[in-house]
**Student:** 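Structure below; questions to follow.
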Amino acid sequence: MSFTPRQLNTLLSECRIADRFKIRRMIDRARKDEKILAHAAEKIDESIQWVEKRTNRDEIHYPDLPISARRDEITKAISENQVVVLAGETGSGKTTQLPKICLDLGLGCKGLIGHTQPRRLAARTVASRIAEELNTTLGDRVGYQVRFHDQVSDTTQVKLMTDGILLAETKHDRFLEQYEVLIIDEAHERSLNIDFLLGYIKRILPKRPDLKVIITSATIDLERFSKHFNDAPIIEVSGRTYPVDVLYRPLHELEGEDEKAIDMQQGILAAVEELLDMERKQGRGPQGDILIFLPGESEIREAADLLRKADLKSVDVLPLYARLSLAEQNRVFQRGKGSVGTRIVLSTNVAETSLTVPGIKYVIDTGLARVSRYSYRSKVQRLPVEAISQASANQRSGRCGRVSEGTCIRLFSEEDFFSRPEFTDAEIRRTNLAAVILQMLSLKLGDISEFPFVDPPDNRYINDGFKLLQELGAVDSKRHITRIGWQLSKLPIDPRLGRMVIEASRNNCLREVLIIVSALSIQDPRERPQDKRQASDEKHRLYAHEESDFLTFVNLWDLYEEQRQALSQNQLRKYCLKNFLSYMRMREWRDTHRQLHIICKEIKEQDSKFIEREEPASYEAVHRSLLAGLLSHMGFKQEGKEYLGARNRRFFLFPGSIVYKKAPKWVMAAELVETSQLYARCIAKVDPVWAEKLGPHLVKKNYSEPHWEKKRSEVVATEH
DNA sequence: TGGGGATTT
């Protein structure tokens, strides 16, 4: 049998999307060579079989959810438009039912239905819920991929993943041809990943007319998404929620002429009493639990003390924040057998997005949150306590309307509420952009100021990001990516950390630095429960290094490896418990380390200077390598506890560090974050000469590089 | 003497 190129080309539309380009090129190049055309025909046949194998005609059932009633309308919008914006609050069923609606449309055969979530846990749980509703096992028709876990097979039609995974895939699948549909969920969270993806997708749409995109969001700033995608239609689905009564109880009360201020803590207590009173008057007994939003750990602790001391009958006070151990967090999610009264959960922003506290009937909102903001002027990351946006306050109050009618007390006035910004600033507007810029350079996305971001970052932030990349040697003075830059872009870690790895390969201390860098890119595995601070500190001191928080990580790693090889998994868990270590985070540390190790081997194959040796390295070799990523985080001791750093920054050592007591003359820090003061966290004693040795190729070229004048023995920052 | 929350080829 022989085929004409034209016959073959018409068959292409039946093929798997990811195969089409390759086969089309084969046909074009074949001209009339029958052998090649026959080969192309074979490939087409294989591809069509792949599609048919996935075509499933099982009837899909929809549970009774608000979105199910709107199925026809949604189906129509998806078939008629390339991009659809779907808004719906929690309980609308959008996350679980949308992929099923796509399947019903016959999508998911010629390519995957890709569905992104901001968090790994969500990707996994959503995947198993959809698999269950489709009566299939996880990894078959419905799969998921998150960092370290891949449960996707040849038969997978719906793939749940974190948005970070999809972003990473753009590196080897430029036009995301694996996918027939992309669902970007929780777009309103506007994380760096989501904003980058929304820009990237907008760019590839003209080249992928067969791709369907659905942006889903809470009912927040919908027109913005619609406008970004050429006025894509918006469909709003109601959530299954109950009305929430919002009461304003400002801390500043006007009494005649005088303004009387109440302390936030007293305001919280008064609000709790008001809610409990209300229940008592209704005489129906406890109706549900109270969730209180506060900005941080210290405020939570203070409020917890106050509420426990107050004479409240049968209440259970439970703090909730991310640094809490799993056991402590579980108290919030599992109601103990003996508990009968009202639970009062005191929480940071974790409960606004990442976690759902069950059984909440009342919310008390201080209207405050700690927000990370990077200042391009002082080149410092800050964590100020700020008034939250209207959208954020509404998200918080929405947390009490999920089981029945709820009541939310806001500890600020209605006037205050309406004077606040409508939406929370997107992360891209308040963060250092070095990592984003490096990714864009390695993807060859062209001029960053031309990239179609939903919220384009300020030019000053872009310039500042380039400056850091220059300091790291990742770009040259013309802003072109260097060899180091290419290597950094392969490492899934912060560019500063990546720079340490590259330097370490040249200083023969990759073993130590890989351990350190993987520790720095996860959450600290050491636990410090509030009621066992002394006990945990004692255990943590066992492997502490007196001059370096970094080498403390290496000591812990070595100690743990010994235990891990000697003990069973169960014994290892007990070991963690006894030594105040988080078993999960220790595993995360090892997984990260393994991943980085594999990538280093790949880099080594292309770079003969990249050396890996197993002998223990010296203090100097390790810290010189770390310093390559932390040049602007050095400091020289001043009077008292103060240090002078680059750009005349004055900072203090974080008191939790072992190095704090020694207070060495010269230090470097993994992080400088301004809270009540500018604190250096994760620190080590260094010799300033190391920076000079490292410096020559960096120091002179750079804008604000600190250099060290020995005679004056002080840090001088230069600006050209 | 003290710091919100996520994520990655």
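Residue numbers start from 1 in every chain, and the chains themselves are labelled A, B, ... in the order their sequence lines are given, proteins ahead of strands.
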**Student:** Of the nucleotides dG3(B), dT8(B), dG2(B), which one has an atom closest to the side chain of R681(A)?
**Tutor:**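 For R681(A), the side-chain atoms sit closest to dG3(B).
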**Student:** Among dG5(B), dT9(B), dG2(B), which nucleotide has an atom closest to any side-chain atom of S354(A)?
**Tutor:**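 Selected nucleotide (nearest to the side chain): dG5(B).
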**Student:** Is there a side-chain contact between Q595(A) and the phosphate of dT8(B), meaning an N or O under 4.0 Å from OP1 or OP2?
**Tutor:**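 Negative; the distance criterion is not met.
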**Student:** Determine, step by step, whether T424(A) and S389(A) satisfy the side chain to side chain donor-acceptor pair (under 3.5 Å) criterion, reporting the C-alpha distance in whole Å, the side-chain angles of both residues, the deciding distance to 0.1 Å, and the verdict.
**Tutor:** CA-CA 5 Å; T424(A) 310; S389(A) 67; 2.8 Å; yes
**Student:** Report yes if a side-chain nitrogen or oxygen of T675(A) is closer than 4.0 Å to either non-bridging phosphate oxygen (OP1 or OP2) of dG3(B); otherwise report no.
**Tutor:**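 Indeed, a polar side-chain atom of T675(A) lies that close.
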**Student:** Provide, to the nearest angstrom, the distance between the CD1 atom belonging to I493(A) and the P atom belonging to dT7(B).
**Tutor:**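 I493(A) atom CD1 is separated from dT7(B) atom P by 17 Å.
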**Student:** Is it the case that the base of dG4(B) and the side chain of R323(A) share a donor-acceptor contact (distance under 3.5 Å, atom types as modelled)?
**Tutor:**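 No pair found.
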**Student:** With DNA chain B as reference, determine whether S521(A) or R528(A) sits nearer its 5' end, using the nearest nucleotide of each.
**Tutor:**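 The residue mapped nearer the 5' terminus is R528(A).
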**Student:** Does a nitrogen or oxygen in the side chain of T162(A) sit under 4.0 Å from OP1 or OP2 of dT8(B)?
**Tutor:**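 Indeed, a polar side-chain atom of T162(A) lies that close.
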**Student:** Relative to F412(A), does R420(A) satisfy both conditions: NZ or CZ under 6.0 angstrom from the six-membered ring centre, and within 45 degrees of the ring's axis?
**Tutor:**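 Relative to the ring axis of F412(A), which defines the angle, R420(A) lies inside both limits.
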**Student:** Whole angstroms only, please: what is the CD1-C1' distance between I522(A) and dT7(B)?
**Tutor:**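 So the two atoms are 14 Å apart, to the nearest Å.
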**Student:** Check the distance between dT7(B)'s C1' and D185(A)'s CG and give it to me in whole angstrom.
**Tutor:**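 The answer, rounded to whole Å, is 16 Å.
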**Student:** What's the closest nucleotide to the R370(A) side chain, out of dG2(B), dT8(B), dG3(B)?
**Tutor:**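 Of dG2(B), dT8(B), dG3(B), dG3(B) is nearest to the side chain of R370(A).
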**Student:** Within 45° of the six-membered ring axis of Y461(A) and under 6.0 Å from that ring's centre, is NZ or CZ of R429(A) located there?
**Tutor:**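 The answer is no, since R429(A) fails at least one limit relative to Y461(A).
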**Student:** Is the count of non-hydrogen atoms from other residues, nucleotides or ligands lying under 6.0 Å from Q677(A) atom CD greater than 12?
**Tutor:**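 Enclosed.
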**Student:** How many Å lie between CD on E186(A) and P on dG5(B), as a whole number?
**Tutor:**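 Rounded to the whole Å, the gap is 18 Å.
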**Student:** dG5(B), OP1 or OP2 - any side-chain N/O from T348(A) closer than 4.0 Å?
**Tutor:**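 For dG5(B), OP1/OP2 do have a side-chain N/O of T348(A) under 4.0 Å.
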**Student:** Within a 6.0 Å radius of atom NZ on K604(A), are there more than 12 heavy atoms belonging to other residues, nucleotides or ligands?
**Tutor:**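 More than 12 heavy atoms, drawn from other residues, nucleotides or ligands, come within 6.0 Å of this atom.
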**Student:** Tell me, yes or no, whether the heavy-atom count around K171(A) atom NZ, taken from other residues, nucleotides or ligands under 6.0 Å, exceeds 12.
**Tutor:**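 It does: K171(A) NZ has more than 12 such atoms within range.
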**Student:** For a quick test of reading the model: is some side-chain N or O of R533(A) closer than 4.0 Å to OP1 or OP2 of dG2(B)?
**Tutor:**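 Negative; the distance criterion is not met.
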**Student:** Looking at Q523(A), I'd like to know whether one of its side-chain N or O atoms comes within less than 4.0 Å of OP1 or OP2 on dA6(B).
**Tutor:**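 Answer yes for this pair, as a side-chain N or O of Q523(A) is under 4.0 Å from OP1 or OP2.
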**Student:** What is the nucleic acid contact for F652(A), judged by heavy atoms within less than 4.0 Å: base, sugar-phosphate only, or nothing?
**Tutor:**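 Contact class for F652(A): none.
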**Student:** Of the nucleotides dT8(B), dA6(B), dT1(B), which one has an atom closest to the side chain of I165(A)?
**Tutor:**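 Side chain of I165(A) sits closest to dT8(B).
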**Student:** Just how far, in rounded Å, is P of dG3(B) from CD of E302(A)?
**Tutor:**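 Spelled out: CD on E302(A) to P on dG3(B) is 13 Å.
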**Student:** Answer with base, sugar-phosphate or nothing: what part of the nucleic acid does V350(A) contact at a heavy-atom distance below 4.0 Å?
**Tutor:**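 Sugar-phosphate contact only - V350(A) comes under 4.0 Å of backbone atoms but never of a base.
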**Student:** Report the nucleotide, chosen from dA6(B), dG4(B), dG2(B), that has the shortest atom-to-atom distance to any side-chain atom of E297(A).
**Tutor:**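 So the nucleotide nearest the side chain must be dG4(B).
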**Student:** Please classify the nucleic acid contact of A322(A) as base, sugar-phosphate, or nothing, using heavy-atom distances under 4.0 Å.
**Tutor:**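 Counting heavy atoms under 4.0 Å across all strands, the contact made by A322(A) is with sugar-phosphate only.
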**Student:** Please determine, for the side chain of L383(A), which listed nucleotide (dT9(B), dT7(B), dG4(B)) has the closest atom?
**Tutor:**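 Shortest atom-to-atom distance from the side chain points to dG4(B).
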**Student:** Whole angstroms only, please: what is the CG-P distance between L166(A) and dA6(B)?
**Tutor:**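 Taking atom P of dA6(B) as the reference, CG of L166(A) is at 21 Å.
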**Student:** Can you tell me if the side-chain N/O atoms of Y679(A) get under 4.0 Å from OP1 or OP2 in dG2(B)?
**Tutor:**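 So the side chain of Y679(A) is within the cut-off, an N or O lying under 4.0 Å from OP1 or OP2 of dG2(B).
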**Student:** Which part of the nucleic acid does S489(A) contact within heavy-atom distance under 4.0 Å: base, sugar-phosphate only, or nothing?
**Tutor:**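 Base, at least one base heavy atom under 4.0 Å.
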**Student:** Which of the following nucleotides, dT1(B), dT8(B), dG2(B), is nearest to the side chain of R147(A)?
**Tutor:**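 Out of dT1(B), dT8(B), dG2(B), the nucleotide with an atom closest to R147(A)'s side chain is dT8(B).
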**Student:** Does S372(A) get its side chain close enough to the base of dG4(B), under 3.5 Å, for a donor-acceptor pair?
**Tutor:**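 Pair found.
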**Student:** Is the charged tip of K641(A) near the ring of Y660(A): under 6.0 Å from the six-membered ring centre and within 45° of its axis?
**Tutor:**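 The answer is yes; both the distance and angle limits are met.
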**Student:** Under 4.0 Å between any heavy atoms, over every strand shown, what does E352(A) touch: base, sugar-phosphate, or nothing? Just pick one.
**Tutor:**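 No contact at all - E352(A) keeps every heavy atom at 4.0 Å or more from the nucleic acid.
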**Student:** Which comes earlier along DNA chain B counting from the 5' end, the contact point of K490(A) or that of N349(A), where each point is its nearest nucleotide?
**Tutor:**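 The residue mapped nearer the 5' terminus is N349(A).
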**Student:** Calculate the interatomic distance between D195(A) atom CG and dA6(B) atom C1'; express it in whole Å.
**Tutor:**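 To the nearest whole Å, that distance equals 14 Å.
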**Student:** Rounded to the nearest angstrom, tell me the gap between atom CD in E671(A) and atom C1' in dG5(B).
**Tutor:**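 After rounding, the gap between these two atoms is 14 Å.
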